[in-house]
Protein chains: 2
Amino acid sequence: MSPEATEAPTRSPASGTQRSSSRLRLLVLDRDPGFTQVLANRLDAVGWELRTVSNPVTVDALVTMRLNALVLDLAVIGPGSWEYLERVCARMPALAVVICTGPSSVAQRVRGLRLGADAWMTKPCHAEELISVVEAALRRHRRAEMPELVQTTTIGELTVRPDLYQAYVNGQSLELTAREFEILQLLSQSDRVLRREEIYERVWGYAMAHGDRSVDVFVRKLRQKLRAGSPGWNYIHTHFGVGYRFAPEPDVEAGAGCDEHPAPRAGSALLGV
Amino acid sequence: MSPEATEAPTRSPASGTQRSSSRLRLLVLDRDPGFTQVLANRLDAVGWELRTVSNPVTVDALVTMRLNALVLDLAVIGPGSWEYLERVCARMPALAVVICTGPSSVAQRVRGLRLGADAWMTKPCHAEELISVVEAALRRHRRAEMPELVQTTTIGELTVRPDLYQAYVNGQSLELTAREFEILQLLSQSDRVLRREEIYERVWGYAMAHGDRSVDVFVRKLRQKLRAGSPGWNYIHTHFGVGYRFAPEPDVEAGAGCDEHPAPRAGSALLGV
DNA sequence: CGAGCTTGATCACAGGATCTTCACAAGGAA
DNA sequence: TTCCTTGTGAAGATCCTGTGATCAAGCTCG
């Protein structure tokens, strides 16, 4: 087989970005409690991680927060806000910055945008609109950073490389097919039991027909290849009547009595539907 | 054809490969002559290529224009403007879209942004501000594309020269056409598997139609020329069900004991939503 | 302004690789 | 035991990619 399929290239691609699949992190620098509260409620529903601060924050502090987006009221910064904005944008080019501040002149808005802000909203404004503006800005960023999101992970003897759409054991490719890889990746990313319907829907993209055994068949193929490449390990566990769970465990071949209940990870199953 | 620059294509596909050098192309769909005139004067000074149209334009027509940005007055489209906006954004994800229209409700603005617009300006507005908003939207793209080395690189026996828009082996030109070169450059710059849709979008500049085989055909032509110029090497690898990956590898033709190379397996994307 | 050449878009077909589907065996639950 | 769920193996249906050819559009050169 072709070398590339057989041996995992050594170079490490995905220079791990921090913002993996976690929730979007947004900081709001604003003093209006009412405004931030409304925003908080709305964002909570959307699932974003919101942090609100009403006093100036140093640029370095912002950096350590690993934000995805920043909503800034220039009034909070006061004089020197232009320099501040410029430094923030220069320091974190990948950060989505939305200025949300009181009445301003055209010249001011132009200046803000030229310094690196992605959008300018004038207060008072509707929370929903602000959110969609932030979303629009993030959409661009995400598109730009897509390639960075792939991160190779290693669990047990297994190495999953999304950039190559392949899994390896000791640098040896498992020769997974597209679908097999997707399922393995999905399973390896969650440490809970996944129902067949869930797996099917997330991999195939649409609802599973009643009685469809595709997932079972693929799990079998996966186990086959995993066993071949990494004998002595058990990766995919069956939860009778529920689905499958991924967790690397050395085979307790010999009489070791208790083989059961392998570490009930947090948030075990979802229980019956 | 001359080995060197097939003359930098007027504009660049989204790949931004050479976008940096060519003028930005902007289309304004608006009926206000005064407004567009002011804009024209201003943009002329900035060096952008502006085109103004006061009647609806089909999405396909927009695609052929190879735009960088679009400023749209929804009033020009009339009923069905939402669908229009949606189709435009879906078809050209890399296009910067700014809605510049009359008075609107919060709900309308939110809807527009959610459908894919990058920004929303309310008329009447200042030309200078509109320009800076368009710039802000474009900035993201360019930033994403900046990292591209306008620098010649050599991999395997292959030398890619963006400055000449051509690839060489032993100083011998491969006589690639513009599009062939763009694809080769894109592939050679990333060391991961690229899905066809991704390749298409970054080279052609808009979304790939379902079932389009263009990428395959070009890859075939590329392989042909690569094989002709650099026999004994394998550059583009197929990942069944996923796409292609670039990696120079000497052909392990002869009886080397090792088995065949049945195309590197690979998993497919994480489903594209 | 037209002939001739180049480039890019589509098709149809062939050979494989991958998925689905089945029927049956094996393992759990009651 | 008896019913239901899951593991297995295999065959046929599908889907995917490589390839060669055709056609339209754009450009160059007379």
Side-chain angles (χ1 to χ4, degrees), chain A residues 1-2 5 165-166 175-183 193-197 199-200 203-206 208-228 234 236-245 259-261 272, chain B residues 1-3 5-7 9-10 13 60 63-64 66 165-166 173-184 193-197 199-200 203-206 208-227 234 236-245 260-269:
Chain A
M1 28 210 50
S2 91
Y165 290 94
Q166 192 56 246
E175 305 279 322
L176 303 180
T177 68
R179 212 138 259 184
E180 287 165 3
F181 176 79
E182 283 178 23
I183 294 179
V193 180
L194 294 176
R195 282 174 298 115
R196 289 183 175 65
E197 296 76 21
I199 295 173
Y200 194 96
V203 172
W204 274 256
Y206 50 91
M208 184 178 96
H210 181 66
D212 192 312
R213 299 287 306 281
S214 298
V215 174
D216 300 62
V217 176
F218 273 97
V219 165
R220 168 172 159 268
K221 289 184 179 172
L222 270 177
R223 281 173 168 160
Q224 215 164 274
K225 294 185 177 179
L226 284 166
R227 201 181 313 134
N234 213 344
I236 304 177
H237 308 276
T238 302
H239 281 239
F240 202 95
V242 187
Y244 299 100
R245 181 174 60 87
D259 53 83
E260 269 346 293
H261 305 171
Chain B
M1 78 198 283
S2 92
T6 338
E7 182 235 328
T10 29
D60 287 313
V63 170
T64 64
R66 313 217 150 185
Y165 228 66
Q166 190 57 246
S173 165
L174 251 46
E175 304 281 320
L176 302 180
T177 68
R179 201 135 277 188
E180 286 165 2
F181 176 79
E182 284 175 21
I183 293 179
L184 178 61
V193 180
L194 294 177
R195 281 174 300 115
R196 289 183 174 65
E197 298 76 23
I199 295 173
Y200 194 95
V203 171
W204 273 259
Y206 50 91
M208 184 179 99
H210 181 65
D212 192 311
R213 300 287 306 281
S214 298
V215 174
D216 299 62
V217 176
F218 273 95
V219 164
R220 168 169 161 272
K221 290 183 179 172
L222 269 177
R223 282 173 167 161
Q224 223 164 270
K225 294 185 178 178
L226 284 167
R227 202 181 312 137
N234 212 345
I236 304 178
H237 308 274
T238 303
H239 282 242
F240 203 98
V242 187
Y244 299 99
R245 181 172 62 85
E260 269 349 287
H261 45 190
R265 296 319 151 68
S268 95

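So that the names make sense, note that chain A is the first sequence line, chain B the second, and so on, each numbered from 1. All values derive from a computational prediction rather than experimental measurement.
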In whole angstrom, what separates [X]'s [atom1] from [N]'s [atom2]?
X: B:Asp216; N: C:dC11; atom1: CG; atom2: P; answer: 14 Å
X: B:Lys225; N: C:dT6; atom1: NZ; atom2: P; answer: 11 Å
X: A:Arg223; N: D:dG9; atom1: CZ; atom2: C1'; answer: 16 Å
X: A:Trp204; N: C:dT20; atom1: CH2; atom2: C1'; answer: 10 Å
X: A:Arg220; N: D:dT6; atom1: CZ; atom2: C1'; answer: 12 Å
X: A:Arg213; N: D:dG7; atom1: CZ; atom2: P; answer: 8 Å
X: B:Met208; N: D:dC16; atom1: CE; atom2: P; answer: 11 Å
X: A:Lys221; N: C:dT21; atom1: NZ; atom2: P; answer: 12 Å

Ignoring hydrogens and geometry, is there a side-chain-to-backbone donor-acceptor pair from B:Glu180 to B:Phe218 under 3.5 Å? no
Donor-acceptor pair, distance only, cut-off 3.5 Å: does the side chain of A:Arg245 make one with the backbone of A:His239? no
For A:Phe240 and for A:Ser214, locate the closest nucleotide of DNA chain C by heavy-atom distance; then report the residue assigned to the nucleotide nearer the 5' terminus. A:Ser214
Nearest-nucleotide comparison on DNA chain C, the residue closer to the 5′ end among A:Val217 and B:Tyr200: B:Tyr200
Ring geometry between B:Tyr165 and B:Phe181 (parallel below 30°, tilted from 30 to 60°, perpendicular above 60°): tilted
For D:dC16, does either OP1 or OP2 sit under 4.0 Å from a side-chain N or O belonging to B:Tyr244? no
With a 4.0 Å limit, can you tell me whether A:Thr238 has a side-chain N or O closer than that to the phosphate oxygens OP1/OP2 of D:dT5? no
With a 3.5 Å cut-off and no angle check, do the side chains of A:Tyr244 and A:Arg196 form a donor-acceptor pair? yes
